[in-house]
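This one's a predicted model, so the numbers in the text were calculated from it and none came from an experiment.
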Amino acid sequence: MPTTWSRSPEEFHKIYIANTDAFYRIGSANLAPELDDFMTKCALSLWSRSGGITQRHVDMANEIYSRGRAKPNWLLWNLTSAAVEEDVFLPPVFFWNMAESDVKRRTESSRTFIRMTTNILLYLAAVDDDVTYAEASYITECTDRLTAICDTTGVKKSREGLNPLDYVTSGEPGFQEKYKTQVQASGGEAKAESAAEETKKPDFDALMAELEDLVGLEDVKKDVKNLMNLVKVRQLRSENDLPVPPMSLHMVFVGNPGTGKTTVARLVSGLYAAIGVLSKGQLVEVDRSGLVAGYVGQTALKTQEVIKSALGGVLFIDEAYSLSSGGENDFGREAIETLLKAMEDHRDDLIVIVAGYTVPMEKFISSNPGLESRFNKYIFFPDYNGEQLMAMFRKRCDKNGYTLTPETETAAVEFFKRLYEERDDNFGNGRDVRNCFEDMVVRQANRVAAMEAPTKEDLMTVLPQDLEDSEEGEEVPEDAPAEEPARSESAEG
């Protein structure tokens, strides 16, 4: 599931430094070499579960180093090779020593280490704007194994352990935000950077340029521009003591998976913050699992926590119709009522966007009068055609330093044209492009890794055979059973 934690390599390095420095203050700074090596191995295992190593991962891996240490110089081919070796999570030796030391000193350094590790891995998982279930499961595995060591050694536990899956679905704040008192107590650079982040407003022009740069979605872009202009005029009327008719800013995004709904929601949140409608502009994305609990009374509390984290920004609820699909006694209805009350209580600093397939969303909105009165703006996200899919693929290649030969370009154009024309209910739009790109990166890396001394051009060049598996195109017996297409768990921005 997509998240809001995507950062540039430079920004990620600042996050890494802030987290590790905070740990070093209560731990031991001489652990830096072992810690950096451990985090790099975790990153490789994490990324290997998401479809393979890309140039974007290489850029992030080169930012995993503590203050005062030399910056790594990973290349795509050797990072890909190293990832193959890191398929099992092994707690580092220094963590065992740390846990035993905590028992003797009655401290919590090992528990703090777990929170720091979880936070860093979540940022690394979101390098491509998406945290898949496989990645989240790996983070859970890391956390569980480290926590088990603490429990075995009897380390004092004054706070509840973290569940990374909750971070993925609920949009909870990270280590710095949850424990800012501890981080800021020592002052210094981390405190200044945190304060700057909190006060910095999104850049309206930069966000609009990002919106314009999206492939396709011309009607969606027009709708967003109209909304911004409408809100600006309303603000001007208010400043000049003119009547301002009531208007709901909550929206319904309808369309198939992978059509850019989450990406546009993120941009809308930032744009509203840039013009002063929202105080922060963050996007918190959830689905049913992030709002609904399994017992009476817990759903309201869980939903309230998510709403609290979204105040000042946009709460984006994917597949929102699942909240009303469980019958009269389903806890999803409790989540809806809690949500409606919060939309009224925080109408000046919270915008809710619900999203999903067109027909189920229409039924969902009409299922509750409160929903109908608050959600009256629909934005439709159409499927991408073959030409647009190719444009998205080409952008990913350019961004990650891959070059298509003329023959590869021709093959890719035909491939995405056929992908669109033969689409079915499992068609993933942008997510299919991402999956194709990541598959291509793996095949290209396997091909290049077999070369004795690959050049820079070899590392960048994509050949036609890198686009599809060699098995594709082989004859299939007529009586062979048809395979059920697998539906991707992730979604394009």
List for me each residue that meets side chain to side chain donor-acceptor pair (under 3.5 Å) alongside T303, sequence neighbours excluded, and say none if there are none. none
Got a sec, which residues hit salt bridge (Lys or Arg N to Asp or Glu O under 4.0 Å) with E63, two or more places apart in sequence or on another chain? K71
For atom CG of D219, is the number of surrounding heavy atoms from other residues, nucleotides or ligands below 6.0 Å larger than 12? no
Dump the intermediate steps for salt bridge (Lys or Arg N to Asp or Glu O under 4.0 Å) on R266 and E210, then the final yes or no. CA-CA 11 Å; R266 175 180 60 81; E210 189 175 345; 2.6 Å; yes
Salt bridge check, E11 against K14: does any charged N sit closer than 4.0 Å to a carboxylate O? no
Write down the atom of V268, the atom of M251, and the distance for their closest heavy-atom approach. CG1-CE, 3.7 Å
Please examine the side chains of K221 and V264, heavy atoms only from C-beta on, and report whether any two atoms are closer than 4.5 Å. no
Euclidean distance, D466 CG relative to Y402 OH, rounded to 0.5 Å: 9.5 Å
Minimum-distance pair of heavy atoms, taken over all atoms of L323 and A335: CD2-CB, 4.3 Å
Those residues at least two apart in sequence (or on a different chain) that pass side chain to side chain donor-acceptor pair (under 3.5 Å) with E362 are none
Dump the intermediate steps for side chain to side chain contact (heavy atoms under 4.5 Å, CB included) on M39 and L121, then the final yes or no. CA-CA 8 Å; M39 291 308 308; L121 287 178; 4.0 Å; yes
Sorted by chain and residue number, the side chain to side chain contact (heavy atoms under 4.5 Å, CB included) partners of A445 (sequence neighbours excluded) come out as T80
May I ask you to decide whether E141 forms a salt bridge with R145, counting only side-chain N to carboxylate O separations under 4.0 Å? yes
Q55 and D59: side chain donor to acceptor below 3.5 Å: yes
Salt bridge (Lys or Arg N to Asp or Glu O under 4.0 Å) between E344 and K341: does it pass, once the steps are laid out? CA-CA 5 Å; E344 181 63 27; K341 184 178 184 303; over 6 Å; no
Would you indicate whether the side-chain heavy atoms of T338 and L291 approach each other to under 4.5 Å? no
Nearest-0.5 Å distance, CZ of residue F113 to OG1 of residue T20: 11.0 Å
Holding to side chain to side chain contact (heavy atoms under 4.5 Å, CB included), I want the full list of residues that pass it with A310, two or more places apart in sequence or in another chain. V284, L315, L350
Considering only heavy atoms from C-beta outward, does the side chain of F316 approach that of V286 to under 4.5 Å? no
Using the ring of each side chain (for Trp, its six-membered ring), is F437 parallel, tilted or perpendicular to F393, with breaks at 30° and 60°? perpendicular
Inter-residue atom distance M361.CE - E319.CD, 0.5 Å rounding: 10.0 Å
For the CG atom of L467 and the OG1 atom of T408, what is their distance to the nearest 0.5 Å? 6.0 Å
Testing the basics here: between S248 and R374, what is the closest heavy-atom pair and its distance to 0.1 Å? OG-O, 2.5 Å
With rounding to the nearest 0.5 angstrom, report the CG to CG distance, L311 to D345. 10.0 Å
Within the 4.5 Å heavy-atom criterion, are V224 and L267 side-chain neighbours or not? no
Check against side-chain hydrogen bond (donor to acceptor under 3.5 Å, both in side chains), T118 and R115: CA-CA 5 Å; T118 302; R115 293 192 292 271; over 6 Å; no
Check whether any side-chain heavy atom of D439 lies under 4.5 Å from a side-chain heavy atom of Q444, and answer yes or no. no
Among all residues two or more places apart in sequence or in another chain, which pass the salt bridge (Lys or Arg N to Asp or Glu O under 4.0 Å) test with D205? none
Using side chain to side chain contact (heavy atoms under 4.5 Å, CB included), reason through V252 and I379 one step at a time and then give a plain yes or no. CA-CA 6 Å; V252 181; I379 295 183; over 6 Å; no
Contacts of S367 that satisfy side chain to side chain contact (heavy atoms under 4.5 Å, CB included) - sequence neighbours left out: S324, F364, L371
Partners passing salt bridge (Lys or Arg N to Asp or Glu O under 4.0 Å) against E414 (at least two apart in sequence or in another chain): none
Tightest non-hydrogen contact, residues D432 and G428, listed as OD2-N, 2.8 Å
Does E422 pair with K417 as a salt bridge, N-O distance under 4.0 Å? no
Any donor-acceptor pair under 3.5 Å linking the side-chain atoms of Y16 with those of D36? yes
Minimum heavy-atom distance between E285 and T262, given as atom pair plus value: OE1-CG2, 3.7 Å
Does the pair Y321 and I365 meet the rule for a side chain to side chain contact (heavy atoms under 4.5 Å, CB included), with working shown? CA-CA 8 Å; Y321 45 79; I365 297 300; over 6 Å; no
Shortest non-hydrogen contact between L227 and M247, atoms and distance: CD2-CE, 4.0 Å
Decide yes or no for I64 and I120: does some side-chain heavy atom of the first lie under 4.5 Å from some side-chain heavy atom of the second? no
What I'd like to find out is whether the side chain of H13 reaches to under 4.5 Å of the side chain of M60, using heavy atoms alone. no
Go through the steps to decide whether L278 and S269 satisfy the test side chain to side chain contact (heavy atoms under 4.5 Å, CB included), and finish with yes or no. CA-CA 8 Å; L278 296 172; S269 184; 4.2 Å; yes
Side chain to side chain donor-acceptor pair (under 3.5 Å) with K308: which residues, sequence neighbours excluded? none
Less than 4.0 angstrom from a charged side-chain N to a carboxylate O is my criterion; do E409 and R394 meet it? yes
Quick check: does any side chain N or O of S48 sit under 3.5 Å from a backbone N or O of S45, one acting as donor and the other as acceptor? yes
For residues 227-238, the side-chain hydrogen bond (donor to acceptor under 3.5 Å, both in side chains) pairs (sequence neighbours left out) are none
Those residues at least two apart in sequence (or on a different chain) that pass side chain to side chain contact (heavy atoms under 4.5 Å, CB included) with K395 are D213, V215
Euclidean distance, M390 CE relative to C397 SG, rounded to 0.5 Å: 7.0 Å
Check whether any side-chain heavy atom of F375 lies under 4.5 Å from a side-chain heavy atom of V352, and answer yes or no. yes
Quiz: residues 382-389 side-chain donor-acceptor pairs under 3.5 angstrom, not counting sequence neighbours:
unit_1, atom_1, unit_2, atom_2, d
D383, OD1, N256, ND2, 3.0
D383, OD1, N429, ND2, 3.0
D383, OD2, N256, ND2, 3.2
Y384, OH, T259, O, 3.2
N385, OD1, E387, N, 3.2
N385, OD1, Q388, N, 2.8
Q388, OE1, N385, N, 3.0

